[in-house]
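Contents: one structure, followed by commentary.
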Amino acid sequence: MSSLIEQAKQKAAYQAVDEHVLPTHRVIGVGSGSTVVHVVARLLQRDPELNAKTVFVPTSFQSRGLLLDGGLTVGDVEQYSDIDVTIDGADEVDAQLNAIKGGGAAHLQEKVVAEAAKKFVIVADYRKDSKVLGEQWSKGVPVEVVPFAWRAVLKKLQEQGSKDAKLRMAVAKAGPVVTDNGNFIIDAPFGLIHDPVKCLRDIKLITGVVEVGLFCNMAEIAYFGNEDGSVSIRTK
Ligand SMILES: O=C[C@H](O)[C@H](O)[C@H](O)COP(=O)(O)O
């Protein structure tokens, strides 16, 4: 990964933490992915006494590991269903702040933790910034499915217009990616998604679908790190 992209991710993440994680906050949701690594790094630069009074709710095996490695206290949404703010990455964000997420197969827990928060903040680099979903992210909408239903769901997704929908295969394991929740992922490309709410609804109504990686009308603000070192902010 080029250092420009890494620097862009870091700038966006640091600014989002600085502007949205307040000393009065006690419960912080932490998303997943490579940009969130910088979110956790910035959280660890806060006053240790403040961090000691705060519980962090992870959204995956990966983000739980980042928090535990940093010596932070972790909790789950079952214990902490009122989250002050959740900060997470995204695969693509459109002009209305709708997002595609789940490139790392973590979108089910991410959506629950984002919805439990008073405020949902996205951090990303410039490659994720789009007018319409599907412009930049061509791999498709990640759809988490119950394993036994995957073929039936795939067929329905193809009937809904995603002829190239396919089961996500693991890289260092024979067979499919298995999510942190024990499910499979289908990646369903729909070209440009002009109506993400309808797309989300149509997919979610397929029996066997657990969650769809379309986050519509959820984010309040997004930070995009740019190539030139600046950060662009998009609000509702
Ligand atoms: O499942 C993964 C998550 O939705 C990530 O937040 C998303 O894929 C963005 O990850 P990254 O910051 O690594 O591009």
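Both counts, for ligands and for their atoms, begin at 1 and track the order of listing. Each residue takes its place number in the sequence, starting with 1. What's counted below: heavy atoms across the whole structure, side chains too, no hydrogens, waters or symmetry copies. Given the structure is predicted, the values throughout are model-derived calculations rather than measurements.
The protein non-hydrogen atom at the shortest distance from atom 2 (C) of ligand 1 is Gly104 N, 3.1 Å. Ranking the protein heavy atoms by distance from atom 4 (O) of ligand 1 puts Glu110 OE1, 2.7 Å first. Nearest to atom 11 (P) of ligand 1 among the protein's heavy atoms is Ser34 OG, 3.3 Å. Closest to atom 6 (O) of ligand 1, if we only count protein heavy atoms, is Ser32 O, 2.7 Å.
With respect to Arg42, the side-chain contact (heavy atoms from CB on, under 4.5 Å) criterion is satisfied by exactly one of His38, Gln45, Arg46: Gln45.
For Gly31, the closest heavy-atom approach to ligand 1 does not fall below 4.0 Å. In this structure, Lys128 counts as a contact residue of ligand 1, since one of its heavy atoms falls inside 4.0 Å of the ligand.
Close approach of ligand 1 to Gly89 is summarised as follows: ligand atoms under 4.0 Å from at least one heavy atom of the residue are 6 (O). Of all atoms in ligand 1, listed by their number and element, those nearer than 4.0 Å to a heavy atom of Lys101 are 3 (C), 4 (O), 5 (C), 6 (O).
Under 4.0 angstrom from ligand 1, the non-hydrogen atoms of Ala105 all belong to its backbone. Within the 4.0 Å heavy-atom criterion, neither part of Pro142 lies near ligand 1.
When the heavy-atom distances from atom 12 (O) of ligand 1 to Asp88, Asp91, Val36, Thr35 are ranked, the shortest goes to Thr35.
Side-chain rings of Tyr223 and His20 approach one another, their centers coming within less than 6.0 Å.
Between Gly33 and ligand 1, no N or O atom pair is found at a separation short of 3.5 Å.
For the pair Lys128 and Phe224, the cation does not sit on the ring face, since its NZ or CZ is not both under 6.0 Å from the ring centre and inside 45° of the axis.
Using modelled atom types, one finds a donor on one side chain and an acceptor on the other under 3.5 Å when comparing Glu92 with Ser130.
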Inset, instruction - Go through Thr86 and Lys119 one step at a time and tell me if the side chain to side chain donor-acceptor pair (under 3.5 Å) criterion holds. - result: CA-CA 6 Å; Thr86 291; Lys119 191 190 279 182; over 6 Å; no
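Rounding to the nearest 0.5 Å gives a distance of 11.5 Å between CG of Asp94 and CD of Gln136.
Counting heavy atoms from C-beta outward, Glu144 and Val209 have side chains that stay 4.5 Å or more apart.
The existence of a salt bridge linking Glu159 and Lys155 is confirmed by a sub-4.0 Å separation between a basic side-chain nitrogen and an acidic carboxylate oxygen.
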